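Residue numbering restarts at 1 for every chain, and letters A, B, ... go by the order of the sequence lines. Note that the structure is predicted; figures quoted are calculated from it, not measured.
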There are 2 protein chains.
Amino acid sequence: MSSITPVILGLLAHKPFSGYDMKAIVDRSTRFFWAGSYGQIYPELRRLEREGLIEGEDAPNGGRTRRVYRLTAVGREALREWLLGSATTIEYRDESLLRLFFADALPREQALQLLAGRKHGHERYLEVLRAIGTPPETDPTFDQLVLQWGIDFNEWGAKWCEQQLQRLRKQKAA
Amino acid sequence: MSSITPVILGLLAHKPFSGYDMKAIVDRSTRFFWAGSYGQIYPELRRLEREGLIEGEDAPNGGRTRRVYRLTAVGREALREWLLGSATTIEYRDESLLRLFFADALPREQALQLLAGRKHGHERYLEVLRAIGTPPETDPTFDQLVLQWGIDFNEWGAKWCEQQLQRLRKQKAA
DNA sequence: TAGTGCATGTAATGCGTTACATGATTTC
DNA sequence: GAAATCATGTAACGCATTACATGCACTA
């Protein structure tokens with residue numbers, strides 16, 4: 001099982017897709033917390049078919065080759081197991097946080113500017129996520145709930161920066 | 001400039017360290033958002049010395065070889081430039097969020113359990129961070145501020161999960 | 001004297017991204 | 001008819017982790 005496997009199974013649980021479809025969907029949804037590339041998707045699609053977790057069917061668009069896959073019962077069970085599993089990788093790399101970590105090497109005012117810059121980063125991210133759509137208040141699907149998480153997280157992050165900024169400025173004055 | 005470069009320069013801005021020292025420091029501080037390994041550190045140390053950003057000095061402990069590095073003026077300027085730079089990589093991989101994204105494939109109650117599990121993940125992370133230390137309320141250094149961010153973030157995350165859990169349970173009832 | 005920590009270093013491994021190649025179809 | 005989009009696929013590349021190798025020093 002590679003890192004892209006659950007994405008493929010998860011998407012196909014909804015409805016059949018081609019590799020190209022999946023890449024497009026990933027690029028405007030999971031990529032914010034789980035990226036994927038053709039170099040992962042296509043080989044894995046063939047492997048999963050060989051192993052019987054998915055089934056492919058040729059569905060050309062005119063003379064344009066196209067192969068759509070659907071989940072088998074075995075694949076659905078594999079997805080269920082992964083969903084219920086407990087192993088959970090978290091990888092977080094945040095250069096802005098690293099800068100802040102070393103900000104003591106900077107004059108006070110410039111260090112505070114790093115906080116302001118981070119706040120701005122959250123705000124820009126927020127715009128990107130809001131452009132994707134606004135999840136409904138009631139009965140959101142779980143994929144919409146995750147988008148809501150992204151929005152809430154960035155709002156929280158921007159607010160956190162602002163609060164620290166005010167706190168640190170006040171202390172300087174005192 | 002590799003990903004470990006700013007870490008080396010940033011640490012040496014404080015005081016001289018050996019490669020071994022730096023790895024140990026990284027492992028209990030930046031690794032939560034910026035990891036580093038010997039395979040990166042040692043080669044980069046020699047490169048940075050060759051380029052004149054740092055200077056090494058042999059400082060053996062008895063017969064145990066040891067080489068400590070300090071920042072040169074050129075290195076300090078390079079650090080300053082990186083700190084003030086705007087390029088900012090963010091990479092976030094969160095399997096728990098991916099699970100939640102595909103949770104529609106699960107019976108309602110099991111899907112909600114994923115939220116509970118995520119909350120638990122935040123709480124465990126919180127314990128790890130609190131074991132490192134509690135940043136002071138007043139006049140924290142910036143590295144302490146980043147630790148505070150980690151604590152605040154996980155508190156927020158746990159609370160978010162709890163709120164969604166309550167909201168989704170109430171909706172089911174309605 | 002065996003185990004742990006200090007200390008440096010590299011080779012192998014695994015991974016994902018990037019870039020490229022190919023070709024059909026739709027759109028302006 | 002040019003450009004964008006659909007569609008599949010792979011090779012090269014870069015990068016970080018893992019594992020291993022070496023050897024000294026301290027401590028139980």
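Between A:Arg76 and A:Glu81 there is no salt bridge, since no side-chain N of the basic residue sits under 4.0 Å from a carboxylate O of the acidic one. Salt-bridge formation is not detected for the pair B:Lys15/B:Asp21: no Lys NZ or Arg NE/NH1/NH2 atom is positioned less than 4.0 Å from an Asp or Glu carboxylate oxygen. Between B:Arg50 and B:Glu44 there is no salt bridge, since no side-chain nitrogen of the basic residue lies less than 4.0 Å from a carboxylate oxygen of the acidic one.
In the region residues 14-25 of chain A, proximity to DNA chain C at under 4.0 angstrom, judged on heavy atoms, holds for none of the residues.
A:Asp58 is linked by a salt bridge (charged side-chain N to carboxylate O under 4.0 Å, His left out) to A:Arg67, counting only residues two or more places apart in sequence or in another chain. Residues forming a salt bridge (charged side-chain N to carboxylate O under 4.0 Å, His left out) with B:Glu127 (at least two apart in sequence, or on another chain): none.
Positionally, the nearest nucleotide of DNA chain C for A:Ala35 lies more toward the 5' end than for the other of A:Gly63 and A:Ala35. Taking for each of B:Val68 and A:Gly36 the nucleotide of DNA chain C with the nearest heavy atom, the 5'-most of the two is the partner of B:Val68.
Under the 3.5 Å distance criterion, with hydrogens and angles disregarded, no donor-acceptor pair is assigned to the side chains of B:Gln148 and B:Gln144. In the model, A:Glu95 has a side-chain atom that pairs as donor or acceptor with a side-chain atom of B:Trp82 under 3.5 Å.
A cation-pi contact links A:Arg118 to B:Trp149, judged by a cut-off of 6.0 Å to the six-membered ring centre and 45° from its axis.
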Pairs under 3.5 Å (N/O, protein and nucleotides 10-14 of chain D):
residue	atom	partner	partner atom	Å
D:dT10	OP2	A:Arg46	NH2	2.4

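Across all strands, A:Thr65 comes closer than 4.0 Å only to sugar-phosphate atoms, never to a base (heavy-atom distances). Residue B:Ser3 is classed as a sugar-phosphate contact, given heavy-atom separations below 4.0 Å to backbone atoms only.
Along DNA chain C, the stretch of nucleotides lying under 4.0 Å from any heavy atom of chain A spans, 5' to 3', C:dG16 to C:dT25.
Applying the ring pair (Phe, Tyr, Trp, His ring centres under 6.0 Å) rule to pairs touching residues 108-130 of chain A yields A:Phe32-A:Tyr125, A:His122-A:Phe153, sequence neighbours excluded.
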